[in-house]
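This report concerns only the one structure given below.
Below, chains carry the letters A, B, ... as their sequence lines are ordered, and counting in each starts from 1. The structure presented is a predicted model; accordingly, all values stated were derived computationally and were not measured.
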Number of protein chains: 2
Amino acid sequence: MGVIRKTKAVEVLLNEFNTSTVAISAKALIEQLGDTFNKTTIYRVLDKLEDDGVLHSFLGKEGLKWYAKCNGCTAKEHKDVHPHFQCLVCGKVDCLSINVTIPKIPNRKIEMSQFLIQGKCEDCFT
Amino acid sequence: MGVIRKTKAVEVLLNEFNTSTVAISAKALIEQLGDTFNKTTIYRVLDKLEDDGVLHSFLGKEGLKWYAKCNGCTAKEHKDVHPHFQCLVCGKVDCLSINVTIPKIPNRKIEMSQFLIQGKCEDCFT
DNA sequence: TTTGTTAATGCAACAAGGTTGCGTTATATT
DNA sequence: AATATAACGCAACCTTGTTGCATTAACAAA
């Protein structure tokens with residue numbers, strides 16, 4: 001898999017996630033940083049950071065890929081099964097620090113799950 | 001919105017969903033029926049059937065759109081918040097008739113949610 | 001059963017998110 | 001400074017899904 005080099009792209013991208021529990025879509029990152037870095041680079045760095053357990057990814061509305069900083073995940077296992085909340089008005093997505101009880105299902109082995117909740121966020125909530 | 005005409009495409013597509021709780025991806029339907037109907041038609045019929053509350057849709061692995069028959073949904077509201085299970089081995093997806101408790105979140109209005117569980121299905125479970 | 005309205009279809013072209021191959025650049029090690 | 005190779009940029013491509021428009025076919029009414 002190789003060593004991670006501290007390149008500018010890695011540095012800048014990591015910085016984007018060092019603020020909060022807010023998730024950022026690959027699309028948004030490309031819109032924002034596409035002049036500085038090639039989109040291929042951005043996709044590859046995100047991939048690698050996910051592989052290394054630094055970020056986790058999930059799918060939002062319309063199948064867009066979103067990334068957020070992992071909390072207590074290692075490269076080996078992503079324990080994180082928190083739900084994500086996407087605002088249907090402003091589009092913002094964040095990680096909810098809520099424990100979701102995954103229902104027991106007979107004869108099936110659950111390996112991962114994605115819970116996407118959609119509605120109006122605090123800011124867009126009238 | 002217009003009346004629904006009983007065309008061949010509608011008939012054939014509806015037939016595909018009349019069996020079980022198994023979901024079918026738009027992609028699979030196009031692979032299967034693409035010689036008979038144009039993909040545009042397939043997409044449009046699926047759209048319309050969803051609008052009319054006959055089918056519901058959700059996103060599976062890789063952001064692919066899946067459809068399944070609604071159970072107790074009307075054109076006006078999709079109450080259905082059941083989780084979906086996708087097998088990581090064979091790719092099969094089905095609706096789980098399990099009630100998921102959506103966590104209460106202060107200051108947010110939940111409008112819908114998607115719960116995708118991934119793992120090994122009954123058949124692929126060793 | 002013919003006529004007329006308009007929903008539904010097919011086709012081609014497009015759009016958006018993401019991926020791949022490959023030659024070049026730059027990081028880190030000796 | 002020399003070297004190995006990870007990371008990069010670029011262009012071209014792939015896939016899922018959408019749009020515009022001319023044509024066809026449901027279906028209701030005459």
Can you give one letter per nucleotide of nucleotides 19-30 of chain C, 5' to 3': B if a protein heavy atom sits under 4.0 Å from the base, S if only from the sugar-phosphate, - if neither? BBB----BBS--
Close N/O contacts between protein and nucleotides 28-30 of chain D (under 3.5 Å):
none

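Each end of the helix from dT1(C)-dA30(D) to dT30(C)-dA1(D) gets its own axis, taken as the rotation carrying the C1' atoms of four end pairs onto the next four within a five-pair window, and the two axes meet at 30° to the nearest 10 degrees.
At a non-hydrogen distance threshold of 4.0 Å, Ala26(A), Lys27(A) from residues 23-36 of chain A come into contact with DNA chain C.
Residues meeting the side chain to side chain donor-acceptor pair (under 3.5 Å) test with Asp47(A), sequence neighbours left out: none. Take Val10(B) and apply the side-chain contact (heavy atoms from CB on, under 4.5 Å) test, not counting sequence neighbours, and it matches Thr7(B), Leu14(B), Val45(B). With sequence neighbours excluded, no residue forms a side chain to side chain donor-acceptor pair (under 3.5 Å) with Lys109(B).
Sorted by first then second residue, the ring pair (Phe, Tyr, Trp, His ring centres under 6.0 Å) pairs that include residues 107-126 of chain B, not counting sequence neighbours, are Phe115(A)-Phe115(B). Listed by first and then second residue, the salt bridge (Lys or Arg N to Asp or Glu O under 4.0 Å) pairs that reach into residues 112-121 of chain A come to none, sequence neighbours excluded.
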Extract all donor-acceptor atom pairs below 3.5 Å that involve side chains of residues 28-42 of chain B and protein atoms in other chains or at least two apart in sequence.
| unit_1 | atom_1 | unit_2 | atom_2 | d |
| --- | --- | --- | --- | --- |
| Gln32(B) | NE2 | Glu16(B) | OE1 | 3.3 |
| Gln32(B) | NE2 | Glu16(B) | OE2 | 3.1 |
| Asn38(B) | OD1 | Thr40(B) | N | 2.8 |
| Asn38(B) | OD1 | Thr40(B) | OG1 | 2.8 |

I'd like a table of donor-acceptor pairs (distance under 3.5 Å, sequence neighbours excluded) in which one partner is a side-chain atom from residues 59-66 of chain A, with atom names and distances.
none

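When rounded to the nearest whole Å, the span between CG of Asn38(B) and P of dT24(D) equals 15 Å. One interatomic measurement links the two molecules: CG of Leu59(A) to C1' of dG17(C), which rounds to 12 Å at whole-angstrom precision.
In this structure, Met112(B) shares a hydrophobic cluster with no other residue, the cluster being traced through Ile, Leu, Val, Met, Phe, Trp and Tyr side chains under 4.5 angstrom apart.
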